[in-house]
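In what follows, a single structure is set out as structure tokens and then discussed.
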Amino acid sequence: MIDALILAAISLAWLVMMFVPLERAFQARPQRVLRHGFATDLLFFFGQYLLFATAAVFVIDWLVHPLDSWAVTLPLRTWFSELPLLAQVVGIVVCGDFFAYWGHRLQHRVDLLWRFHAVHHTTTEVDWLAAHREHPIDGVYTQTLVNLPAIVLGFSLAPVFGVIAFRALWAIFIHSNVRVPLGPLRYVFGAPDLHRWHHAKHRDVGNYANLAPWIDILFGTFHDPPGEPAELGVEEMMADDYLGLLADPFRPRHHIR
């Protein structure tokens with residue numbers, strides 16, 4: 001546990017040194033570093049690193065083992081294994097983004113899924129640290145969908161650890177409180193200004209493909225008006241503290257403000 005805590009602290013320090021100066025230099029919305037909810041998101045950060053990330057790996061492994069045993073007999077696996085490595089990587093990334101997009105749309109449409117996903121949307125001031133505000137059950141759901149193509153196709157993620165690390169870092173970046181010109185890259189990898197519109201105070205704004213906005217364009221859910229959202233957050237009355245947000249999805253249906 002001590003080693004995990006040290007690793008988490010080092011990771012946090014590295015992210016602070018990277019994103020705090022970036023947010024100061026290219027600030028999109030007036031916002032303090034120690035903004036409202038900062039302590040809550042800090043607890044989510046350490047909760048992910050020290051407990052829920054490891055638990056999620058075990059849960060996902062338990063969920064997908066039967067699927068992997070079934071898929072091993074598929075001719076598709078043989079065909080996929082014969083492709084060049086680059087084609088395999090592109091295939092699993094695109095398919096993972098496709099599954100994540102539709103899974104994310106369901107999170108905003110299906111009340112049961114929204115109960116857990118809404119925790120991520122409760123922050124009213126989005127920045128790099130807010131990216132870690134995620135209910136563990138919501139995290140398992142998302143990670144299962146993202147990794148489903150690799151599981152079915154029998155692709156080992158070890159050779160593309162760099163790709164995984166880059167996308168994880170970019171997922172934090174799109175939550176950062178910055179506005180920077182990314183040009184065409186914003187339609188391929190996502191951008192902070194696009195994701196802030198997803199966090200606008202409305203359940204179905206759009207921009208569900210966090211790391212692949214081209215999918216939103218393809219299915220008509222791309223939302224990119226000028227300026228910034230008037231308000232961020234959720235319309236429901238939800239808890240504002242760490243333990244309260246973990247328990248909130250299990251409480252009776254919330255009332256709209």
Side-chain angles (χ1 to χ4, degrees), residues 36-37 40-41 43-45 47-48 51-53 55-56 58-60 62-64 66-67 95-126 129-149 151 171 174-175 190 194-213 215-225 229-257:
H36 175 74
T40 297
D41 291 336
L43 289 173
F44 271 101
F45 176 89
Q48 280 189 4
L51 179 61
F52 296 127
F58 283 105
V59 171
I60 292 173
W62 175 76
L63 288 172
V64 304
L67 179 61
C95 290
D97 286 341
F98 184 82
F99 276 89
Y101 167 83
W102 286 106
H104 196 179
R105 283 191 70 169
L106 286 176
Q107 285 171 304
H108 283 257
R109 297 292 179 87
V110 178
D111 287 341
L112 178 61
L113 297 177
W114 174 249
R115 283 177 174 268
F116 295 95
H117 186 60
V119 170
H120 179 63
H121 283 264
T122 54
T123 181
T124 56
E125 295 183 277
V126 176
L129 187 59
H132 300 88
R133 183 181 293 210
E134 180 182 56
H135 197 281
I137 292 178
D138 191 47
V140 168
Y141 169 87
T142 301
Q143 289 304 313
T144 300
L145 289 175
V146 170
N147 291 294
L148 190 60
I151 294 164
I174 65 171
H175 286 85
L194 293 177
H195 199 64
R196 280 192 296 277
W197 278 109
H198 175 70
H199 276 266
K201 198 173 181 180
H202 190 283
R203 184 164 158 177
D204 288 313
V205 174
N207 294 352
Y208 302 108
N210 299 341
L211 300 178
I215 302 180
D216 280 298
I217 296 173
L218 184 63
F219 291 105
T221 51
F222 185 70
H223 189 68
D224 186 24
E231 288 186 276
L232 307 178
V234 295
E235 296 172 308
E236 296 92 342
M237 294 183 65
M238 296 183 65
D240 196 39
D241 62 290
Y242 178 62
L243 294 179
L245 286 170
L246 290 179
D248 213 289
F250 303 100
R251 295 171 177 165
R253 184 178 296 276
H254 314 304
H255 296 289
I256 303 297
R257 285 177 180 155

Can you find a heavy atom in the side chain of P136 that is under 4.5 Å from one in the side chain of L246? yes
Of the non-hydrogen atoms in Y242 and G47, which two are nearest, and what is the gap between them? OH-CA, 3.8 Å
Residue pair R251 / R115, side-chain heavy-atom distance below 4.5 Å: no
Taking the six-membered ring where the residue is Trp, are the ring centres of H104 and H198 under 6.0 Å apart? yes
Do the rings of H195 and H120 sit parallel, tilted or perpendicular, given the 30° and 60° boundaries? tilted
F52 side chain reached by E134 side chain, heavy atoms, under 4.5 Å: no
Does any part of the side chain of Y208, heavy atoms only, come nearer than 4.5 Å to the side chain of D216, both counted from C-beta? yes
Run the ring pair (Phe, Tyr, Trp, His ring centres under 6.0 Å) check on F219 and Y101 step by step: do they pass? CA-CA 10 Å; F219 291 105; Y101 167 83; 5.6 Å; yes
Got a donor-acceptor contact below 3.5 angstrom from the H132 side chain to the L129 backbone? yes
Between the CG atom in L243 and the CG atom in D248, the distance rounded to the nearest 0.5 Å is 12.0 Å
When every non-hydrogen atom of P249 is compared with those of V119, the smallest separation belongs to CG-CG2, 4.1 Å
Identify the heavy atoms of Y141 and L106 that sit nearest to each other, and give their distance. OH-CB, 4.0 Å
What distance do T144 atom OG1 and I151 atom CD1 have between them, rounded to the nearest 0.5 Å? 7.0 Å
Quick check for you: to the nearest 0.5 Å, what is the distance between D41 atom CG and L245 atom CG? 9.0 Å
Between H121 and H199, does the ring centre distance come in under 6.0 Å? yes
Just do the side-chain contact (heavy atoms from CB on, under 4.5 Å) check on I174 and L194 with the steps written out, would you? CA-CA 8 Å; I174 65 171; L194 293 177; over 6 Å; no
Going through the distances and angles, do R133 and D138 end up as a salt bridge (Lys or Arg N to Asp or Glu O under 4.0 Å)? CA-CA 10 Å; R133 183 181 293 210; D138 191 47; over 6 Å; no
How far does CZ of F99 sit from OG1 of T142, to the nearest 0.5 angstrom? 14.0 Å
Can you confirm whether L232 sits close enough to T123 that some side-chain heavy atom of one is under 4.5 Å from a side-chain heavy atom of the other? no
For D204 and R109, run side-chain contact (heavy atoms from CB on, under 4.5 Å): C-alpha distance rounded to whole Å, both residues' side-chain angles, the deciding distance at 0.1 Å, then the answer. CA-CA 8 Å; D204 288 313; R109 297 292 179 87; 3.3 Å; yes
Taking all non-hydrogen atoms of both residues, which atom of D97 and which atom of A212 are closest, and how far apart? OD2-CB, 3.7 Å
Contact summary for G96 and P149, nearest pair of heavy atoms: N-CG, 3.5 Å
Distance check, rounded to the nearest 0.5 Å: W102 atom CH2 versus I215 atom CD1? 10.0 Å
About how many Å separate CZ of F44 and NE2 of H135, when rounded to the nearest 0.5 Å? 7.5 Å
With side chains defined as the heavy atoms from C-beta onward, is the minimum distance between H108 and W114 less than 4.5 Å? yes
Nearest heavy-atom approach of A100 to V146 is CB-CG2, 3.9 Å
Quick check: are there more than 12 heavy atoms from other residues, nucleotides or ligands sitting under 6.0 Å from CZ of F58? no
